[in-house]
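In what follows, chains are A, B, ... by sequence order, proteins preceding strands, each numbered from 1. Fair warning: this is a prediction, and the values are worked out from it, not measured in the lab.
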Number of protein chains: 2
Amino acid sequence: MATMADIARRAGVALSTVSHTLSGKRPVSPEVRQRVMQAIADLEYQPHALARALATKRTRTIALLYPSEPHFEFVSSVLEVTNQRKYGLLLWTALDEDQEILRMTQQGFIDGVVLMEVRLEDSRVAMLKERKYPFTMIGHCLENNDINFVDLDFDYALHKCVAYLAELGHKHIAFINHSSRLIDIGAGYVVRSEEAFHHAITQWELEGMSCPCEADAQAGYDATSLLLEQDPALTAIITSNAWVSGGITRAIYDRGLKIPEDVSLVGVLSPRIAEMHTPPITAIDFPYNQMGHMATDMLIRQLEGEEVSTQLLLQPPLTIRQSSGPCLR
Amino acid sequence: MATMADIARRAGVALSTVSHTLSGKRPVSPEVRQRVMQAIADLEYQPHALARALATKRTRTIALLYPSEPHFEFVSSVLEVTNQRKYGLLLWTALDEDQEILRMTQQGFIDGVVLMEVRLEDSRVAMLKERKYPFTMIGHCLENNDINFVDLDFDYALHKCVAYLAELGHKHIAFINHSSRLIDIGAGYVVRSEEAFHHAITQWELEGMSCPCEADAQAGYDATSLLLEQDPALTAIITSNAWVSGGITRAIYDRGLKIPEDVSLVGVLSPRIAEMHTPPITAIDFPYNQMGHMATDMLIRQLEGEEVSTQLLLQPPLTIRQSSGPCLR
DNA sequence: GTGAAAGCGCTAACAG
DNA sequence: CTGTTAGCGCTTTCAC
């Protein structure tokens with residue numbers, strides 16, 4: 001593998017000249033530039049990004065803190081932006097959390113990080129802030145001073161779902177949330193959804209019940225069975241958990257009930273997931289792509305020295321599909 | 001941020017001594033070790049992995065070449081292994097292909113790469129081989145000399161699906177494949193599935209038709225509608241395309257047909273996806289996790305100097321669920 | 001315009 | 001057992 005020294009030698013110039021013709025950070029005469037470019041072509045020279053990173057303290061790589069429960073749809077959207085901006089994307093899972101975060105930021109491999117599965121009170125956030133390490137969030141905390149983030153407005157989303165169902169005449173509504181582990185750690189979207197649901201129920205003077213649920217079909221089946229048993233008058237279910245919809249549907253069918261005639265199902269899901277389902281699920285359009293794009297874009301702009309200050313709560317529309325209808329009971 | 005020099009100074013030892021107490025690559029007296037460790041603790045020193053990488057030419061980071069059509073389930077499994085082995089994982093999309101591959105390998109940021117969406121004749125593979133760059137594949141080419149890979153045996157899988165349906169009495173079977181783009185570039189799994197399907201159809205003396213399909217529900221709906229129109233005697237559909245199952249189901253229902261009474265649906269899908277669907281889909285259990293784990297594990301073992309030589313074609317079982325049954329027509 | 005040389009933070013001979 | 005020193009491949013002063 002050719003190095004810059006090789007190029008310099010072959011072109012008969014100083015090493016620093018090669019560097020500068022490449023970076024354009026100082027004028028280079030046409031003839032010299034020509035010779036250098038020729039040498040580069042001859043030797044198929046590729047700059048060694050790692051060495052450059054050590055010298056400049058910029059790697060042009062960011063990390064996406066990959067959560068325990070993958071909202072995989074974010075990954076593609078983040079990657080699209082890093083790609084387009086010529087950044088690298090490192091996936092990172094922080095197992096022992098704070099310690100890992102510290103390591104990650106000091107190893108020198110990345111310039112900044114996009115945080116996911118943000119908790120209401122998040123020690124990782126505190127740590128990054130304290131060290132002034134560049135980051136943005138998909139999600140948000142209770143306290144978000146000076147932090148750039150983008151999030152779905154779960155308060156809006158759950159209120160919207162409940163209002164929609166209430167207007168259809170539903171009186172008994174259940175909410176199937178994410179895993180209890182996520183509730184325990186205080187994951188923002190999970191806690192906010194829970195609270196917003198109950199708040200909306202109260203506001204509309206309805207009967208509401210909620211339960212946590214692991215991210216697999218069987219758990220969804222069990223949860224739904226239990227809910228239907230506890231409240232036979234249940235006519236509507238809301239969920240934001242993409243992996244459980246199949247189980248919900250089956251549990252409903254297994255009791256001889258129909259969707260949407262007997263039970264309406266409403267989700268907070270990406271259109272892609274909502275339409276994968278049979279019947280297609282009426283859902284708040286979870287804007288994975290937009291969120292991933294924005295968080296990444298904000299981070300990179302931050303890294304490039306731009307003054308960004310964005311805190312965005314998205315309120316995407318509810319798309320009516322075939323899983324919901326008026327309450328007939 | 002403290003550097004090794006800071007530690008050396010504070011502990012009153014040479015820089016190399018610090019390095020060696022950390023690496024254990026040469027004996028260090030207890031007292032000195034003690035002093036060094038103390039200094040490290042005092043200054044909250046973290047080794048700068050980037051600098052180390054430049055010196056050792058090993059980054060302990062691998063890349064996953066992220067394909068155009070994300071089989072996202074691989075990502076988690078790859079990440080699990082890199083994580084556990086203390087490696088970093090870089091996601092990489094090669095847009096202008098060979099050129100990008102070259103850049104990726106020479107930038108110094110990664111030690112090796114896991115290739116996905118492998119083509120039967122793959123110039124990326126040729127390039128990596130020629131440069132003796134460490135890599136493994138999820139998938140395989142026509143010619144795989146000296147390359148470690150793991151793949152699902154799609155020949156087996158399609159034969160198995162057809163045989164299963166044939167034995168249930170189905171005579172008219174369709175196969176909904178991946179996008180025509182993937183066929184055009186010669187993606188191994190797509191081409192092999194196609195050929196195996198037709199081969200099995202011939203072998204069982206059945207009527208078979210196949211068509212490509214984009215990875216979304218609408219495309220699945222359209223493809224299925226067309227198939228049912230072209231051959232009203234169609235009683236079974238096979239697909240390996242996870243995103244289209246919803247569309248297939250809807251197209252069937254919209255013609256007043258039932259699953260599995262009128263039309264059987266069989267997939268090559270992960271259990272998680274198969275059970276997300278209503279009804280749950282009878283499917284060859286696509287072993288995403290195992291494949292991701294193995295490919296990553298092989299690569300890392302290769303990087304650590306182990307002599308690995310593994311070419312594995314998996315033949316996972318067909319799990320019968322509720323989307324398939326005997327041919328009643 | 002161009003060259004020489006001092007780092008970036010670490011590893012790994014090479015000496016003792 | 002420990003210290004000195006020369007890199008790793010690049011950027012960036014500082015001279016000329």
One should read off an interatomic distance between B/Thr61 OG1 and A/Leu50 CG, to the nearest 0.5 angstrom, of 9.0 Å

Go through DNA chain D in 5' to 3' direction and return only the first and the last nucleotide with some atom under 4.0 Å of chain A's heavy atoms. D/dG9 to D/dC14

Proximity to DNA chain D (any heavy atom under 4.0 Å), residues of residues 103-112 of chain A only: none

Identify every side-chain donor-acceptor pair in residues 41-49 of chain A under 3.5 Å, counting partners at least two apart or on other chains, and give the distances.
residue	atom	partner	partner atom	Å
A/Asp42	OD1	A/Gln38	NE2	2.8
A/Asp42	OD2	A/Arg10	NH1	2.4
A/His48	ND1	A/Ala51	N	3.2

Quick one, which residues of residues 24-37 of chain A touch DNA chain D with a heavy atom under 4.0 Å? A/Lys25, A/Arg26

The criterion is salt bridge (Lys or Arg N to Asp or Glu O under 4.0 Å); which residues satisfy it with A/Asp98, sequence neighbours excluded? none

Does B/Met37, at its CE atom, have more than 12 non-hydrogen atoms belonging to other residues, nucleotides or ligands within less than 6.0 Å? no

Please identify which of these residues, B/Ile138, B/Leu65, B/Val75, meets the side chain to side chain contact (heavy atoms under 4.5 Å, CB included) condition with B/Met116. B/Ile138

Atom-to-atom span, CG of B/Leu54 to C1' of C/dT11 - whole angstrom: 10 Å

Report the residues that fulfil salt bridge (Lys or Arg N to Asp or Glu O under 4.0 Å) with B/Arg9, sequence neighbours left out, ordered by chain and then residue number. B/Asp6

For residues 300-307 of chain B, which side-chain N or O atoms pair as donor and acceptor with protein atoms under 3.5 Å away, sequence neighbours left out?
residue	atom	partner	partner atom	Å
B/Arg301	NE	B/Glu306	OE2	3.0
B/Arg301	NH1	B/Asp297	OD2	2.9
B/Gln302	OE1	B/Asn148	ND2	2.8
B/Glu304	OE2	B/Tyr87	OH	2.7

Working to the nearest 0.5 angstrom, can you tell me the gap between A/Thr136 OG1 and A/Met298 CE? 4.5 Å

Measure from CG on B/Leu50 to C1' on C/dC10 and round the result to the nearest Å. 10 Å

Determine the minimum heavy-atom distance between A/Leu120 and A/Cys141, stating which atoms define it. O-CB, 3.2 Å

Counterpart residues, salt bridge (Lys or Arg N to Asp or Glu O under 4.0 Å), relative to B/Glu121 (two or more places apart): none

Sequence-distant partners of A/Arg52, salt bridge (Lys or Arg N to Asp or Glu O under 4.0 Å), two or more places apart: none

If the plane angle is over 60° it's perpendicular, under 30° parallel, otherwise tilted; pick one for A/Phe72 and B/Phe72. parallel

Provide, to the nearest angstrom, the distance between the CZ atom belonging to B/Arg58 and the P atom belonging to C/dA12. 11 Å

OP1 or OP2 of C/dT11 less than 4.0 angstrom from a side-chain nitrogen or oxygen of B/Lys57, does that happen here? no

Global bending angle along the helix from C/dG1-D/dC16 to C/dG16-D/dC1, which compares the axes of five pairs at either end, to 10 degrees: 50°

Could you give the distance from CG (A/Leu90) to CG (A/Leu64), rounded to the nearest 0.5 Å? 9.5 Å

Residue whose nearest DNA chain C nucleotide is more 5′ - A/Ala51 or B/Ala55: A/Ala51

Can you tell me which residue among B/Thr296, B/Asn83, B/Leu91 is in a side chain to side chain contact (heavy atoms under 4.5 Å, CB included) with B/Val78? B/Thr296

Keeping to residues at least two apart or across chains, list the ring-ring contact (aromatic ring centres under 6.0 Å, His included) pairs with something in residues 120-145 of chain A. A/His140-A/Phe149

With the threshold set at under 4.0 Å for non-hydrogen atoms, list the residues of residues 4-21 of chain A touching DNA chain D in residue-number order. A/Met4, A/Leu15, A/Ser16, A/Ser19, A/His20

